[in-house]
Every structure is written in structure tokens, then in C-alpha cells.
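Following: one structure in C-alpha cells, then a few remarks.
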Amino acid sequence: AALVEEYRARAEPLAARPAGRLATTFDRNATAGGDHALGRLIADAQLAATRAQGARIAFTNPGGIRAELRPGPDGAVTFGDVFTVQPFGNTLVTLTLSGAQLRTLLEKQWSARSYRARILQPSRGLSYAWDPTRPVGERVVTESLRLDGRRIDPAGDYRITVNDFLAGGGDGFTVLRD
């Protein structure tokens with residue numbers, strides 16, 4: 001307990017530093033499509049951080065988001081708040097997928113072995129529909145898959161950003177590793 005308290009006290013000045021301001025809470029309440037406000041915020045931040053590397057889409061995994069992001073009474077969000085949301089040392093990885101691989105990635109959100117989907121949290125600009133009545137592996141409605149309103153070309157190349165956990169095939173998204 002003494003060791004933990006020592007390091008908590010050392011980390012407190014950094015944890016208390018302001019990281020930004022929010023007008024409202026970013027929560028993890030899923031929409032009908034399975035994404036949520038906080039997941040989209042994180043994916044948008046990842047995209048903004050890697051646009052210089054050519055990224056056009058970013059995803060984060062919902063299991064990597066451990067708390068809601070709640071501003072203080074004055075709207076401030078601290079580094080400690082941000083770390084509570086994602087308490088990992090992940091780095092961002094930007095890689096190139098074909099449109100067909102992107103669709104495969106999205107299909108991996110459902111597994112025949114699990115009743116629960118692992119809906120990736122997408123950045124702005126990506127849209128698609130999925131049908132839960134279709135068999136696993138065929139749920140993404142291909143013609144609905146779009147980036148900035150334009151249909152994804154199965155043969156086209158798309159730069160995407162994910163965290164290194166996903167890039168290594170984490171949560172069963174092996175298309176990113178392969």
C-alpha cells in the first residue's frame with residue numbers, strides 16, 4: 001500500500017494537468033449500429049493524429065475504452081481522466097488495406113463462436129449498414145460501404161489507423177495482422 005501511495009503521489013501532478021475542455025460527457029451508450037460517442041471521438045482523434053501518414057479511416061476497439069469521459073464542473077478534462085478512459089500504452093499504427101480487406105475487417109465484428117458482436121468504433125467519413133439476420137461473414141451490406149459518401153472500391157487501397165493491439169490481430173481482427 002505504501003509503494004502504491006508513493007507512486008500515486010508522484011503521478012498526481014501529471015494526472016491533474018488539463019488535457020482539454022468538453023461541453024458534455026462522451027459516453028459509451030451504443031447506438032442501434034453499435035458505435036458510441038466516445039468511441040467515435042477516440043477514432044476521430046486517432047485519424048487527426050495520423051492524417052500526415054495518409055490515414056483516411058481510423059478504428060478503435062470498444063473493449064479498450066474503460067470509462068466515460070466526463071468533464072469537471074468547469075468543463076476541464078485532465079490527463080488522469082483521459083488515462084482512465086484508455087489506461088494502456090498503445091501506439092497508433094497506420095496501414096494500407098484493400099477495400100475487400102476493409103470489408104473483411106468489418107465482417108470480423110461478428111463471430112460464430114460468440115453471441116456478442118465486437119463493433120469497431122469508426123472515425124468520421126466511414127459509413128456502412130449491416131444486417132443481423134444475415135449469416136456471420138455476410139452481414140455487411142457491401143453496396144452501403146462508403147468513405148466520405150463514395151462507395152468503397154474492393155480493389156482500391158485505403159490507409160487506416162488502429163492501435164497496436166488491433167494491428168497485432170487483437171480481438172480476432174487478424175486481417176490487420178495478416
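Everything numeric in this text was worked out from a predicted model, so none of it was measured. This chain uses plain numbering: 1 for the first residue, then up along the sequence.
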Any heavy-atom pair between the side chains of [Y] and [X] that's under 4.5 Å?
| X | Y | answer |
| --- | --- | --- |
| Phe88 | Arg66 | yes |
| Leu97 | Ile57 | no |
| Thr60 | Gln86 | yes |
| Arg56 | Asp157 | no |
| Val162 | Leu120 | no |
| Arg40 | Arg124 | no |
| Trp130 | Leu106 | no |
| Asp131 | Arg139 | no |

Spacing of CG belonging to Leu145 relative to CG belonging to Asp153, to within rounding of 0.5 Å: 10.5 Å
From Leu3 atom CG to Arg8 atom CZ, the distance as rounded to the nearest 0.5 Å: 13.0 Å
For the student: nearest non-hydrogen atoms of [X] and [Y], plus distance:
| X | Y | answer |
| --- | --- | --- |
| Glu138 | Arg134 | O-CD, 2.9 Å |
| Pro154 | Ser98 | O-CB, 3.7 Å |
| Pro71 | Thr24 | CD-O, 3.7 Å |
| Arg118 | Ser111 | NH1-CB, 4.3 Å |
| Arg146 | Arg151 | NH1-N, 3.4 Å |
| Leu92 | Thr161 | CB-CG2, 4.0 Å |

Co-membership, hydrophobic cluster, residues [X] and [Y], 4.5 Å side-chain:
| X | Y | result |
| --- | --- | --- |
| Val136 | Leu105 | yes |
| Leu166 | Val140 | yes |
| Leu95 | Val175 | yes |
| Phe59 | Leu147 | yes |

Please answer whether the main-chain N or O of [Y] pairs with a side-chain N or O of [X] as donor and acceptor at a distance below 3.5 Å.
| X | Y | result |
| --- | --- | --- |
| Tyr158 | Gln101 | no |
| Asp164 | Thr91 | yes |
| Thr25 | Asp27 | no |

Other ILVMFWY residues reachable from Ile42 by side-chain steps of under 4.5 Å: Leu22, Phe26, Leu38, Leu41, Ile65, Leu69, Val77, Val82, Val85
Check: Asp81/Thr84 side-chain N/O donor and acceptor closer than 3.5 Å: no
Quiz item: cation-pi between Arg103 and Tyr128, 6.0 Å / 45°: no
Pairing residues for Phe79 by the side-chain contact (heavy atoms from CB on, under 4.5 Å) criterion, not counting sequence neighbours: Arg17, Ala19
Result of checking Thr104, Asp171, Ile160 against Leu176 for side-chain contact (heavy atoms from CB on, under 4.5 Å): Ile160
